[in-house]
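In what follows, a structure is listed as structure tokens, so that the remarks can point back to it.
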Amino acid sequence: MNKKASVGDVFNYHVIPPVFLVFFTAATQILAQAGNPERPFRFEYLVGNCFAWKCIGSLLAWAMFWLLVPSKKFNGPTTSFGLTPVYKANGELYYFVSLGALLLVAGLKPKICVDIYQNMGAILGGLSVVALSLCMFLLVRAKLKEKEDDPYLRANSYPILHEFYRGMELHPRLLGVDVKQLTNCRVGMIMWQLLIVIYLIAGWELHGFDAGHLVNVLLQTIYIYKFFRWETGYFNTLDITLDRAGYYLCWGCLVWIPAFYTFHSYFFVYHRPSISVVGAISLFILGLASIWYNYDVDRQKELFRTAQKGKPVKIWGENAQAIEVSYKTADGQQKTSKLLISGWWGVARKINYTFELLAAFLWSVEAGLQYGVWPFLYFLFLTALLIHRVFRDEEKCKTKYGKGWDEYCAKVPYRLVPYVL
Ligand SMILES: NC(=O)C1=CN([C@@H]2O[C@H](COP(=O)(O)OP(=O)(O)OC[C@H]3O[C@@H](n4cnc5c(N)ncnc54)[C@H](OP(=O)(O)O)[C@@H]3O)[C@@H](O)[C@H]2O)C=CC1
Ligand SMILES: CC(C)CCC[C@@H](C)[C@H]1CC[C@H]2C3=CC=C4C[C@@H](O)CC[C@]4(C)[C@H]3CC[C@]12C
């Protein structure tokens, strides 16, 4: 890092990492208690208990197994320093078998869902131990690496807490698997799915059926399924191509997703939404539309980017239009790419985020305002995360495409909502 650090640098490198580390780690326990007032905090929750460790061990073994079994491989985008990460392309099958296995176990032993719900504080404590140990291990291992082509690792001069928080290696592997695929997709995202189903069954067992809770879980289930269907597309996003494996991503996926992304469903077990069936069906239809449109935006880009050269792609019934842009790779090669200006990508530059937020709102609003802000915490967090991400992504694109990006911004001037934002 430059010796003459600006206020922004001090904030980014010295203030954010320790504040976020303490805040987010503590927040998971506070949420576990806030959602379920029948389970007061116990010290053992900080490190897990026997039941929690059995659940965590089984899930980690299951996730590792699916990344080790022979299956189709997928090559991610090659980095600027010439590394091509290799992933397992069995996400959709993993999703169905995992969900099926949970439903089978819950059918044979219905009390298991209530036990998991009641032990969430301990499970999150145990997960935090795993995640923090992994981040520590990755940091030490990266520091010990003698020679590495990655210029970031070679620079080796950021404050240590920043390195722990943001991570060091871009595509670390552990025991033969890609760490980010393991933490983000195969543990974080599958826990999101399994936990919300567990909370639905636990709520039903403890307090009877609730249509609002069902809609909350159904909408997220469709959203999460969409993720696993598109898992290989995720390997082109900022999380994988820009963010390194550290606290932000690995702890975030191993602990923050199961604790926070599922929080409204956890909260609804005790605090029932009690919405009318008509209200629940209306929210479901609106939520489904938002998820579909979010998917459709991502789908149009994928369709366009993966189409064979010279073969026209139809979007909204017409041949897709694009701006040709050029960029330089780190080793100095000049390359070209295309920025779509047809379909959703001509309406607003980040309209996928608008639909994402709408969907999150619609799966949080089942209880209305009767329980205050609690069910909306995820929606509020996501708003902040996505606004920050809009700027991070634009900075990345501006640096990569220069004038080509300005041309695209002039043609599509709005980010989230046409004529407004
Ligand atoms: N729930 C959650 O916590 C979050 C969910 N998401 C969701 O994940 C999905 C992926 O989001 P994310 O990866 O953040 O962002 P995008 O899918 O918007 O991808 C951004 C990238 O797409 C390329 N691009 C930008 N404009 C164009 C264009 N006009 N034509 C073609 N390519 C373009 C650029 O990459 P290139 O270098 O290839 O040109 C840019 O960096 C979305 O559905 C989003 O809503 C995202 C973040 C958080
Ligand atoms: C410090 C931490 C509290 C912050 C943790 C943030 C991460 C858990 C999340 C950051 C970006 C998120 C995601 C990006 C894109 C996604 C694609 C979408 O289709 C599904 C969700 C997700 C994988 C999402 C998951 C959480 C993050 C990695």
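Start at 1 and go down the list; that is how both ligands and their atoms are numbered.
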Legend entry - Centroid-centroid under 6.0 Å between W363 and Y223 rings: yes
Inset, instruction - Please determine if K411 forms a cation-pi arrangement with Y408, meaning its NZ or CZ atom is less than 6.0 Å from the six-membered ring centre and no more than 45° off the ring axis. - result: no
Legend entry - Side-chain H-bond candidate by donor/acceptor type, D296 with W344, under 3.5 Å: yes
Inset, instruction - May I ask whether L386 places a heavy atom under 4.0 Å from ligand 1? - result: yes
Inset, instruction - Taking atom types as modelled, find out whether Q220 and N216 have a side-chain donor-acceptor pair closer than 3.5 angstrom. - result: yes
Legend entry - V325 and T336, any side-chain heavy atoms less than 4.5 Å apart: no
Legend entry - Mode of D239 contact toward ligand 2 - side chain, backbone, both, neither (heavy atoms, under 4.0 Å): side chain
Legend entry - Test of proximity, K226 against ligand 1: N or O pairs below 3.5 Å: no
Inset, instruction - Identify the protein heavy atom lying closest to atom 30 (N) of ligand 1, giving its residue, its atom name and the separation to 0.1 Å. - result: L340 N, 2.9 Å
Inset, instruction - Under 4.0 Å from a heavy atom of G252: give me the atoms of ligand 2 that qualify, with their elements. - result: 5 (C), 8 (C)
Legend entry - Nearest neighbour in protein (non-hydrogen) for atom 25 (C) of ligand 2: I257 CD1, 3.7 Å
Legend entry - Ring-ring centroid check F96 Y225, cutoff 6.0 Å: yes
Legend entry - Under the side-chain contact (heavy atoms from CB on, under 4.5 Å) test, residues paired with I222 that sit two or more places apart: F284, L288, I291
Inset, instruction - Give a yes-or-no answer on whether the side chains of D239 and Y234 include a donor-acceptor pair shorter than 3.5 Å. - result: yes
Inset, instruction - Could you establish whether F24 and ligand 2 come within less than 4.0 Å of each other, counting only heavy atoms on the residue side? - result: yes
Legend entry - Atoms of ligand 1, numbered as shown, that sit under 4.0 Å from any heavy atom of D298: 9 (C), 17 (O), 42 (C), 43 (O)
Legend entry - Side-chain H-bond candidate by donor/acceptor type, N90 with R186, under 3.5 Å: yes
Legend entry - K301 and N352 side chains, donor-acceptor separation under 3.5 Å: no
Legend entry - Validation row: L102, S98 side chains within 4.5 angstrom (heavy atoms): no
Inset, instruction - Please report which non-hydrogen protein atom sits nearest to atom 35 (O) of ligand 1, along with the residue it belongs to and the distance in Å to one decimal place. - result: K396 NZ, 3.1 Å
Legend entry - Top protein contact for atom 4 (C) of ligand 1, by heavy-atom distance: E356 OE2, 4.0 Å
Inset, instruction - Please state which part of V412 comes within less than 4.0 Å of ligand 1, counting heavy atoms only: side chain, backbone, both or neither. - result: neither
Legend entry - Atom indices of ligand 1, in the order listed, that fall short of 4.0 Å to a heavy atom of Y223: 1 (N), 5 (C)
Inset, instruction - Check whether the side chains of T78 and T84 place a donor and an acceptor atom closer than 3.5 Å, and report yes or no. - result: yes
Inset, instruction - For atom 10 (C) of ligand 2, decide whether some protein heavy-atom distance is shorter than 4.0 Å. - result: yes
Legend entry - Identity and distance of the protein heavy atom lying nearest atom 20 (C) of ligand 2: Y223 OH, 3.4 Å
Inset, instruction - Go through ligand 1 atom by atom and flag the ones less than 4.0 Å from a non-hydrogen atom of Y401. - result: 36 (P), 37 (O), 39 (O)
Inset, instruction - With heavy atoms of W256 as the reference, note each atom of ligand 2 found under 4.0 Å away. - result: 3 (C)
Legend entry - Distance from atom 5 (C) of ligand 2 to nearest protein heavy atom, with residue and atom: Y248 O, 3.3 Å
Inset, instruction - Flag the pair L93 / W66 as yes when at least one side-chain heavy-atom distance between them is below 4.5 Å, and no otherwise. - result: yes
Inset, instruction - Considering only non-hydrogen protein atoms, determine which one is nearest to atom 18 (O) of ligand 1 and report residue, atom name and distance to 0.1 Å. - result: K350 NZ, 2.8 Å
Inset, instruction - Indicate, as side chain, backbone, both or neither, the part of F260 found under 4.0 angstrom from ligand 2 when only non-hydrogen atoms are considered. - result: neither
Inset, instruction - Taking only heavy atoms of L382 into account, list the atoms of ligand 1 that are under 4.0 Å away from them. - result: 1 (N), 2 (C), 3 (O)
Legend entry - Charged tip of R166 within 45° of Y247 ring normal and under 6.0 Å: no
Inset, instruction - Would you please determine whether R389 falls within less than 4.0 Å of ligand 2 on a heavy-atom basis? - result: yes
Inset, instruction - Using distance alone, decide if ligand 1 has a nitrogen or oxygen within less than 3.5 Å of any nitrogen or oxygen in T237. - result: no
Legend entry - Between Y45 and Q29: side-chain donor-acceptor atoms closer than 3.5 Å: no
Legend entry - Test of ring centre spacing under 6.0 Å for W256 and Y261: no
Legend entry - Side-chain donor-acceptor pair present, T221, Q193, cut-off under 3.5 Å: yes
Inset, instruction - Could you list the atoms of ligand 1 found under 4.0 angstrom from a heavy atom of D393? - result: 20 (C), 21 (C), 40 (C), 41 (O)
Legend entry - Nearest protein heavy atom with distance in Å, relative to atom 37 (O) of ligand 1: K400 NZ, 2.6 Å
Inset, instruction - Could you list the atoms of ligand 1 found under 4.0 angstrom from a heavy atom of Y378? - result: 1 (N)
Legend entry - For atom 38 (O) of ligand 1, the protein heavy atom that lies nearest, with its residue and separation: R305 NH1, 2.7 Å
Inset, instruction - Report, in ascending order of atom number, the atoms of ligand 2 lying under 4.0 Å from any heavy atom of Y234. - result: 15 (C), 16 (C), 23 (C)
Legend entry - Atoms of ligand 1 close to K301 [distance to a heavy atom under 4.0 angstrom, numbered from 1]: 16 (P), 17 (O), 19 (O), 20 (C), 21 (C), 22 (O), 23 (C), 31 (C), 32 (N), 33 (C)
Inset, instruction - Can you figure out which of Y295, W192, Y261, Y353 has its heavy atom closest to atom 3 (O) of ligand 1? - result: Y261
Please tabulate, for the side chains in residues 68-75, all donor-acceptor contacts under 3.5 angstrom to protein atoms that are two or more places apart in sequence or on a different chain.
none

Inset, instruction - Number the atoms of ligand 2 from 1 as they appear, then name those within less than 4.0 Å of a heavy atom of Y261, with their elements. - result: 9 (C), 12 (C), 26 (C), 27 (C)
Inset, instruction - Below 4.0 angstrom from a heavy atom of Y408, which ligand 1 atoms are there? Numbered from 1 as shown, please. - result: 29 (N)
Legend entry - Shortest reach to atom 24 (N) of ligand 1 by a heavy atom, considering only L339, L357, I257: L339
Inset, instruction - Do me a favour and list the nearest non-hydrogen protein atom to atom 8 (O) of ligand 1 with residue, atom name and distance? - result: W230 CH2, 4.4 Å
Legend entry - Proximity of F235 and Y87 rings by center, below 6.0 Å: yes
Legend entry - N/O separation below 3.5 Å, W345 to ligand 1: no
Legend entry - Residue part near ligand 1, for S337, under 4.0 Å between non-hydrogen atoms: neither
Inset, instruction - Quick one: look up the protein heavy atom nearest atom 46 (C) of ligand 1 and list residue, atom name and how far away it is. - result: R389 NE, 3.8 Å
Legend entry - Where ligand 2 meets C253 - atom numbers and elements under 4.0 angstrom, heavy-atom basis: 28 (C)
Inset, instruction - May I ask whether N184 places a heavy atom under 4.0 Å from ligand 2? - result: no
Legend entry - Which segment of L385 sits under 4.0 Å of ligand 1 when only heavy atoms are counted: side chain
Inset, instruction - Please state whether F304 comes within less than 4.0 angstrom of ligand 1, counting heavy atoms only. - result: no
Legend entry - Passing option when Y117 is tested against F51, Y266, Y270, W204 for ring pair (Phe, Tyr, Trp, His ring centres under 6.0 Å): Y266
Legend entry - Sidechain N-carboxylate O distance under 4.0 Å for E394, K350: no
